[in-house]
Number of protein chains: 2
Amino acid sequence: MLAQVIPLSVPELREACSQCNLRELCLPMGLSGNELDQLDQLVEVRRRVQRGQHLYRGSDPFEAIYAIKTGFFKTDVLLEDGRDQVTGFQMAGEILGMDGIGSEKHTCNAVALEDSEVCVIPFAELEHYSREISALQHHFHKMMSREIVRDHGVMMLLGVMRAEERLAAFLLNLSQRFTARGYSPTEFNLRMTRNEIGSYLGLKLETVSRAFSRFNEEGLISVHQKHIRILDAAGLKKLLSQRRA
Amino acid sequence: MLAQVIPLSVPELREACSQCNLRELCLPMGLSGNELDQLDQLVEVRRRVQRGQHLYRGSDPFEAIYAIKTGFFKTDVLLEDGRDQVTGFQMAGEILGMDGIGSEKHTCNAVALEDSEVCVIPFAELEHYSREISALQHHFHKMMSREIVRDHGVMMLLGVMRAEERLAAFLLNLSQRFTARGYSPTEFNLRMTRNEIGSYLGLKLETVSRAFSRFNEEGLISVHQKHIRILDAAGLKKLLSQRRA
DNA sequence: GATCCACGTTGACGCAGATCAAAGCCCCCA
DNA sequence: TGGGGGCTTTGATCTGCGTCAACGTGGATC
């Protein structure tokens, strides 16, 4: 909003969807030059979220979805009795907030795990533009659908896999997503604690820690605190598919 | 298609969205009379699926989503090693197939648990109509979003609850959905086996059976095979919220 | 460079739910 | 009317992960 007052504000210009280096991963995927210009109008506002801060909380009114420009988030859901569960970890180019559309309020918390910046996509406007730009409409539907499929994957994790399989699947998933963003497939820093990993995987932090140590001993990975190096991706994959029916 | 050849074919007329008794639960929700007429054009084809048959299989090309008119389904996902997990049970007025949008093929199996009938909603046409009917667009987005929220609920189930809590949550959820469809909140027949319930809840069938027996002994429900009567819904709810953090 | 504190690791032990096994029930069909 | 097969129940035993506890580690702060 305010940015429009300062025409050609350099940082704003650089941050437009049409110039963003995530445009092949994020909402703009597959849009033509002209359509991208329209998207730039839709996504005007950016918001910084410091490490530890909430982007939104469960029960906040739902008004926008968010595309992560830089940084790393977790989402979690709370039960009345205080127990909670991490439902996902999100990185650059991924969308946050789609859970809120159905009930017009958010149904989970989104917390930055490092200093982050998000693009605010007012939802009513997104619907408006996607009535005009069918490529945008279709791509948005795909992103929602993929979120559903991702959740099925997590259900699989939680429902049928044993502890070490869950952790192996988690590491391979992170590796694959870092790769898609141009980072090393084999070496990265975890942004989350053992406790948060455990919550996501339906395990206690001690179990996560033991599984890391075990992978380390077996030469599958090397772990030092939050720094992970994958030494034997094939070995990790084998853990996933060898189990009894 | 064929039905158009026989004008005013009585069964077809009765089956139109505008006449359907599920229209307040299903896709037509919130549409005006005129918009409903358009929806009737979109949803022309119905399909019967007999008990035990697949509506679609994982890796089938994705072309349409399906609204359940009558009957009961399960969806399940397969792992390479043969293990599988039931990801949901769907009843009349609910939508199947949204998992397929993202990859243009289905990512799970949908199997009828009783003789069923679905309305076929060709997806390209749904996108077309929702560019014109914003109420339809918005409602479709809500349904997808609710699917994501539902999945979060299942993740919670699988990630943090113990066996009896999971079963209690499952029964209360069924009860609530039957109620919304005008059936008894307290008395119903399960369409799925103990094994399928177990797969959904991340438990073995013996554990499900024992939990049923326990609830029966404690007077929370009465079970005879697939017939369930809920005697103490409050007691079941208490099971869910009393646990330690 | 001493202190603090959140986070992580490791060990010992216990238990919820899995596994294995056997028997019961119901419905279908000859 | 009886036999067979799929589903369910129940009991006995096992085990993977949780729980509890103690100690280790690294990074921030003064």
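The sequence lines fix the lettering, A, B, ..., with proteins before strands; numbering per chain opens at 1.
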Scan [X] against the nucleic acid and name what it touches under 4.0 Å (heavy atoms): base, sugar-phosphate only, or nothing.
| X | result |
| --- | --- |
| L205(A) | base |
| G202(A) | sugar-phosphate |
| T193(B) | sugar-phosphate |

Report yes if a donor N or O on one partner sits less than 3.5 Å from an acceptor N or O on the other, where the partners are the side chain of [X] and the base of [N]; otherwise report no.
| X | N | value |
| --- | --- | --- |
| R194(A) | dT25(D) | no |
| E206(A) | dC20(D) | yes |
| R162(B) | dG18(D) | no |
| R210(A) | dG11(C) | yes |

Round to a whole Å and report the spacing from [atom1] of [X] to [atom2] of [N].
| X | N | atom1 | atom2 | result |
| --- | --- | --- | --- | --- |
| E196(B) | dG6(D) | CD | P | 14 Å |
| L201(B) | dA18(C) | CG | C1' | 15 Å |
| L158(A) | dC17(D) | CG | C1' | 14 Å |

Under-4.0 Å side-chain N/O to phosphate OP1/OP2 contact, S209(A) with dG8(C): no
Phosphate contact (dC7(C) OP1 or OP2) by K226(A) side-chain N/O below 4.0 Å: no
Residues R150(A) and E147(A) bridged, charged N to O under 4.0 Å: yes
R83(B) bridged to E165(A) by N-O distance under 4.0 Å: yes
Neighbour count above 12 (heavy atom, 6.0 Å) for R181(A) CZ: yes
Centroid-centroid under 6.0 Å between F62(B) and F123(B) rings: yes
